[in-house]
Protein chains: 2
Amino acid sequence: MDSSINFSMKEIDGDKAFMKKIRIGIVGYGNLGRGVQYAAEQNKDVEVVAVFTRRDPSQVNTVLPVKVERYEAMADYADKIDVMILCGGSATDLPEQSSAIVKMFNTVDSFDTHARIPEYFAKLDSAAKETGHLGAMSIGWDPGLFSLARLYFGSALAEGSTYTFWGKGVSQGHSDAIRRINGVKDAKQYTVPVASALERVRAGENPVLTVREKHTRECYVVAEEGADLSRIEKEIKEMPNYFADYDTTVHFISEEELKEKHSGIPHGGMVLRSGTSYTGNHFLMEFSLKLDSNPEFTSSVLLAYARAVYRLHAEGRTGAVTVFDIAPKYLSPMTEADQRKELL
Amino acid sequence: MDSSINFSMKEIDGDKAFMKKIRIGIVGYGNLGRGVQYAAEQNKDVEVVAVFTRRDPSQVNTVLPVKVERYEAMADYADKIDVMILCGGSATDLPEQSSAIVKMFNTVDSFDTHARIPEYFAKLDSAAKETGHLGAMSIGWDPGLFSLARLYFGSALAEGSTYTFWGKGVSQGHSDAIRRINGVKDAKQYTVPVASALERVRAGENPVLTVREKHTRECYVVAEEGADLSRIEKEIKEMPNYFADYDTTVHFISEEELKEKHSGIPHGGMVLRSGTSYTGNHFLMEFSLKLDSNPEFTSSVLLAYARAVYRLHAEGRTGAVTVFDIAPKYLSPMTEADQRKELL
């Protein structure tokens, strides 16, 4: 086998420009929606037809030229869009939107409220089947590629322990929680994996790790003038669910420093499985991501799964699916023969 | 999501002992065949029915109790085995056996002669379809899990470079090549990834790397008494294809030292993809394996895919398939609902 495969999908698909492109719609235009537009530029077999927003379309400035429509105008696009990528949030947008939209279009979403996945799946599945559409849910890197790692690793190595570490990266939820504290002007929170815990896993110790032992939380906070810093620090560190179970560090910095050093949205992490064979031989499997931009990477994964959804639906598949249900071949723009020749 | 998932397939399936087990046959009884027997002990939903060998069955000592049959007796097992795991070599065994056996049974094999994959696929596919069976080919970690990483990574990140590094690990083919040299009593060859090349990839340089820049080769050689060591060293280092394109180190050691320090068959490696978004944000994806025993891990993967083949065939799927064609859900002994609940 060739030891290195260097290619760009753009080059591979350069001579397929005559092919019918997969027509994508974007619902919701925040970081994820912008990311889908960017990713579409890198994948020559797709085109973004329109963005749908609940804001006033004339007030939405897109990063690349595209038609912006009102959310309600979606129905007019039934024959013009193959897959809708839902770029809203998991808290309120997706639970309400996905099962309505999937009655009109095939969909892909990044629903990530883990505890609600079973009910979300059931609802999406029945809505999609009503009209013969296909909806892929919980797509991205976690849930998404990390979920795949957990499943492949667990299947390949029956006896062992699987670990997921996140970071170093920005948690939007935790940053928001700090911003809601009285006297806080702005804040950014980093989730950081504990290096020593990671080392114990890699060494094959199969440790049982508490929440506190796996991650620390680093907070960069801009306080309002005259605010009581020690009160703010205490409120952060004692906040239940978000911080109380972690070793948390709070740094008060200026607004300028926050802008300058903490304006990115990096993230990443790793999934590890450590286990042994029947004879006691040790195996370590590890999948890691280092992402300069969490939303842009997530969008790129959403787009690959939009391709898969388009193809699976063309084969007659309907209902709700997750990354577990989709054979890898559907994700790649390469032909199956080329996949076997170049990648196997 | 739970940050750590610690489970053993044994425990999960402990209460399913009443279920019909997947009946496995093993064809060929070397390191891989033994590994399948070991792996079956760790997966409660499978059972090994028989081993088939071209040797005299009475001369085959199995590592765990199992019926050993003549290769020709296979036909008598048509109704007694669900999936045959072919544990022969890629050079001569598999090309000859797989398309014959797949006419009687569903099969899984680890065919790894990369250049011959397209023709092997075509032959297996047509043979399998003749009798309505399913054959999964090129299963293991490379080809296999590493192929999956190359495809998933390339699909998730359209613009970038993919790299595969192998090792540190024992290459059986290279060890054999050294053993064929006149005056060599025994030898073990390690393939070692070049750390500085790996660092350049991880740093996002997207370097173009020659064969020599990616791996070095370390040889531990036991020479026959009185052999010309400098001639042996020269013959190794100048051997075309195997060593000439690499920086190769040769260590002459005693037979005792070889046994003591180099009797294992460890291997591993990593697949990396480094790329950028349309806006220039950098992403690094990495999958790595560290395996104390190459054949035992490969066998463990073969067994997971035997489960998938059994299920896919039950759904009516026939022909040849690779890891690219098989949705991840088929590999896991967990129910689909549990997969979504526990792993997504």
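Naming: A, B, ... by sequence-line order, numbering from 1 per chain. Predicted model only: the values in this text are computed from it and were never measured.
By number of non-hydrogen pairs under 4.5 angstrom with chain B, the leading residue of A/Asp325, A/Leu272, A/Leu284 is A/Leu284. Contact count against chain A (heavy-atom pairs under 4.5 Å) is highest for B/Gln339 among B/Gln37, B/Gln339, B/Met270, B/Arg202. Between chain B and the options A/Val271, A/Leu289, A/Thr113, the largest number of non-hydrogen pairs under 4.5 Å is found for A/Leu289.
Heavy atoms only, all atoms of each residue included: B/Pro328 and A/Pro328 are closest at CD-CD, 4.5 Å.
With a 4.5 Å cut-off on non-hydrogen atoms, B/Leu145 touches chain A through its side chain but not through its backbone. B/Glu336 touches chain A through its side chain: at least one heavy atom from C-beta onward sits under 4.5 Å away, while N, CA, C and O do not. Only the side chain of B/Ile117 comes within less than 4.5 Å of a heavy atom in chain A; its backbone stays farther off. Residue B/Thr322 touches chain A through its side chain alone, counting heavy-atom pairs closer than 4.5 Å. For B/Leu148, the part sitting under 4.5 Å from any heavy atom of chain A is the side chain, from C-beta outward, and nothing else. Of the two parts of B/Tyr305, only the side chain, counted from C-beta on, holds a non-hydrogen atom closer than 4.5 Å to a non-hydrogen atom of chain A. Contact annotation for B/Leu302: neither backbone nor side-chain heavy atoms come within less than 4.5 Å of a heavy atom of chain A. Neither the backbone nor the side chain of B/Val63 comes within contact range of chain A; no heavy atom of the residue lies under 4.5 Å from a heavy atom of that chain. Neither the backbone nor the side chain of B/Phe111 has a heavy atom closer than 4.5 Å to any heavy atom of chain A.
No side-chain donor-acceptor contact under 3.5 Å links B/His282 to the backbone of A/Ser293. Formation of a donor-acceptor pair under 3.5 Å by the A/Gln42 side chain with backbone atoms of B/Thr276 is found in this model.
Taking 4.5 Å as the limit, some side-chain heavy atom of A/Leu64 sits within range of a side-chain heavy atom of B/Tyr278. Contact annotation: the side chain of A/Phe121 never approaches that of B/Lys341 to less than 4.5 Å [non-hydrogen atoms, C-beta and beyond]. In this structure the side chain of A/Tyr120 never reaches within 4.5 angstrom of the side chain of B/Arg340, judged on heavy atoms. Taking 4.5 Å as the limit, every side-chain heavy atom of A/Leu344 sits out of range of all side-chain heavy atoms of B/Leu151.
The aromatic rings of B/Tyr152 and A/Tyr152 lie perpendicular to each other, with more than 60° between the two planes, well past the 30° mark.
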